[in-house]
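Chain letters run A, B, ... following the sequence lines, proteins first, then strands; residues in each count from 1.
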Protein chains: 2
Amino acid sequence: MGILGRLSFKDQAFKLREQAVLDATTRMLASKGFDLMTMDDVAGDAGISKPSLYKHFKSKDELATEVMIRLLDDAQDFLARQAPELSPLARLRDLLAWALRVRLEGGLPFLPSASPQVRAMLTRSLRYVSRAIKLHKTLQGIVEQAKRQGELRADMPTDVILYSYYSRTCDPAVEYLRVYGKYPDEDIVRHMLDVCFDGMSAGQRRADGDA
Amino acid sequence: MGILGRLSFKDQAFKLREQAVLDATTRMLASKGFDLMTMDDVAGDAGISKPSLYKHFKSKDELATEVMIRLLDDAQDFLARQAPELSPLARLRDLLAWALRVRLEGGLPFLPSASPQVRAMLTRSLRYVSRAIKLHKTLQGIVEQAKRQGELRADMPTDVILYSYYSRTCDPAVEYLRVYGKYPDEDIVRHMLDVCFDGMSAGQRRADGDA
DNA sequence: AAAAAATTCTACTGATCAGTAAAAGGTGTT
DNA sequence: AACACCTTTTACTGATCAGTAGAATTTTTT
């Protein structure tokens with residue numbers, strides 16, 4: 001167990017530090033946003049120095065991109081682990097509830113709704129984009145299944161449903177309900193799901209268009 | 001018509017330039033966001049020099065705040081001009097449609113969902129906050145009226161409805177539908193209203209909680 | 001046409017921050 | 001104990017940008 005053992009041990013420690021950096025970055029991004037997050041912040045929060053940070057990630061953009069990639073991977077994992085007997089609609093509700101809880105615990109929203117430059121940065125990363133597309137395709141399949149089973153509205157285009165669904169993961173109403181509404185986290189999740197799927201109108205659905 | 005006439009004429013020109021600056025700032029904020037917007041950008045776009053810009057607004061923060069204040073005033077004006085025979089729900093739909101059209105035409109979303117520092121900056125401005133509170137109260141009244149008339153769900157807390165409603169004005173789904181969905185603007189508005197009020201689920205409303 | 005006012009231009013200050021260099025200090029291995 | 005490797009510290013570069021000063025120029029007023 002000469003060189004091989006030593007290397008793998010070091011690599012392990014390195015990976016652990018890398019995860020700490022990603023965690024710190026997630027916290028900073030969630031609290032200050034990309035523009036106000038400085039590399040000194042991240043290094044300090046992760047307990048390493050800035051030059052060490054650059055041993056892991058070669059730029060601020062790459063660091064933030066890796067964080068978003070990890071988030072997408074977590075979402076894929078969550079989907080893969082869902083009980084197979086769940087109906088399509090139940091899977092969607094379940095995933096959204098998970099995403100909202102992640103945010104409420106100080107994590108990041110899925111959708112980088114924030115700034116145009118952040119979006120541009122992400123779309124420049126093939127690794128990010130390919131994961132986003134894969135997740136998109138998966139969810140598209142679930143939505144279409146839900147429509148066929150009469151769980152989601154068949155009269156609404158799939159992309160309208162999907163983009164609106166994504167938007168709920170970064171819905172600012174969550175913060176407002178926490179700060180001003182003083183609701184416990186579980187109530188916030190419940191209300192957000194309720195609004196998302198059932199809307200705010202009372203009574204039966206209005207006719208399409210103006211009819 | 002000595003001094004008085006001259007002064008009022010100058011003031012008029014000054015006001016006109018000020019509006020041009022606010023328009024330019026609105027465009028820049030909508031396209032690049034607060035952090036990436038530079039004062040040189042704004043001055044250039046408004047057709048004046050940076051030092052002249054500082055004759056109007058004494059800081060970048062003040063400039064952005066004034067833009068948001070003007071937006072809130074526009075919303076109040078819109079509400080005040082609505083036909084009095086409209087039902088509460090119709091007024092809410094109408095206002096949201098207006099806000100979405102403003103955004104689709106390159107304007108700003110109401111809700112500064114973007115960055116924490118922008119929100120902090122705005123809450124530091126009494127003029128902004130008092131207007132926001134006034135608008136909030138007005139809309140709260142309309143929502144409660146709509147609930148009493150059976151147009152909005154009485155089982156949903158008013159603040160949940162209100163914050164979700166505000167969030168729709170800055171919903172990123174709008175951009176996605178335009179860029180990826182290739183929908184014309186009017187279809188986007190229609191679909192956004194549809195999702196907002198009627199949700200994405202098919203069929204009758206699920207029972208409250210898990211019952 | 002001359003005087004008065006504002007505006008523009010050029011150039012600057014000072015602060016912040018991404019990213020880097022190089023010396024100093026640990027840590028574990030042999 | 002001596003060595004090799006990594007990390008930290010400190011200090012720096014260079015770029016960007018808010019905000020300003022002062023000279024040059026244009027416009028407006030009289």
Euclidean distance, A/E151 CD relative to A/I142 CD1, rounded to 0.5 Å: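 The CD1 atom of A/I142 sits 11.0 Å away from the CD atom of A/E151.
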Calculate the interatomic distance between [X] atom [atom1] and [N] atom [atom2]; express it in whole Å.
X	N	atom1	atom2	result
A/K55	C/dT20	NZ	C1'	10 Å
A/F34	C/dT16	CZ	C1'	15 Å
B/I48	C/dC9	CD1	P	11 Å
B/D41	D/dT16	CG	P	13 Å
A/L53	D/dT7	CG	P	12 Å
A/D61	C/dC17	CG	C1'	14 Å
A/E62	C/dG19	CD	C1'	13 Å
B/K60	C/dT16	NZ	C1'	13 Å

Would you indicate which nucleotide in [options] comes nearest to any side-chain atom of [X]?
X	options	result
A/S59	D/dC17, C/dC17, C/dG19	C/dG19
A/D40	D/dA18, C/dC9, C/dA18	C/dA18
A/P51	D/dA18, C/dA21, C/dA18	C/dA21
A/M39	C/dT10, D/dA18, C/dG19	C/dG19

Step-by-step side-chain hydrogen bond (donor to acceptor under 3.5 Å, both in side chains) determination, A/S164 to A/S167: CA-CA 5 Å; A/S164 293; A/S167 300; 5.7 Å; no
Counterpart residues, ring pair (Phe, Tyr, Trp, His ring centres under 6.0 Å), relative to A/Y183 (two or more places apart): A/H191
Is there a side-chain contact between A/S52 and the phosphate of D/dT8, meaning an N or O under 4.0 Å from OP1 or OP2?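 Looking at the OP1 and OP2 atoms of D/dT8, one of them is under 4.0 Å from a side-chain N or O of A/S52.
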Can you see if the side chain of B/R17 gets near the phosphate of C/dA6 - specifically, an N or O under 4.0 Å from OP1 or OP2?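 Answer no for this pair, as no side-chain N or O of B/R17 is under 4.0 Å from OP1 or OP2.
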On a plain distance test, is the side chain of A/K50 in donor-acceptor contact with the base of C/dG19 below 3.5 Å?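 Pair found.
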List the steps and the verdict of side-chain hydrogen bond (donor to acceptor under 3.5 Å, both in side chains) for B/Q117 and A/D35. CA-CA 10 Å; B/Q117 90 262 30; A/D35 298 310; 5.8 Å; no
NZ/NE/NH1/NH2 to OD/OE distance under 4.0 Å, B/R70 and B/D73: no
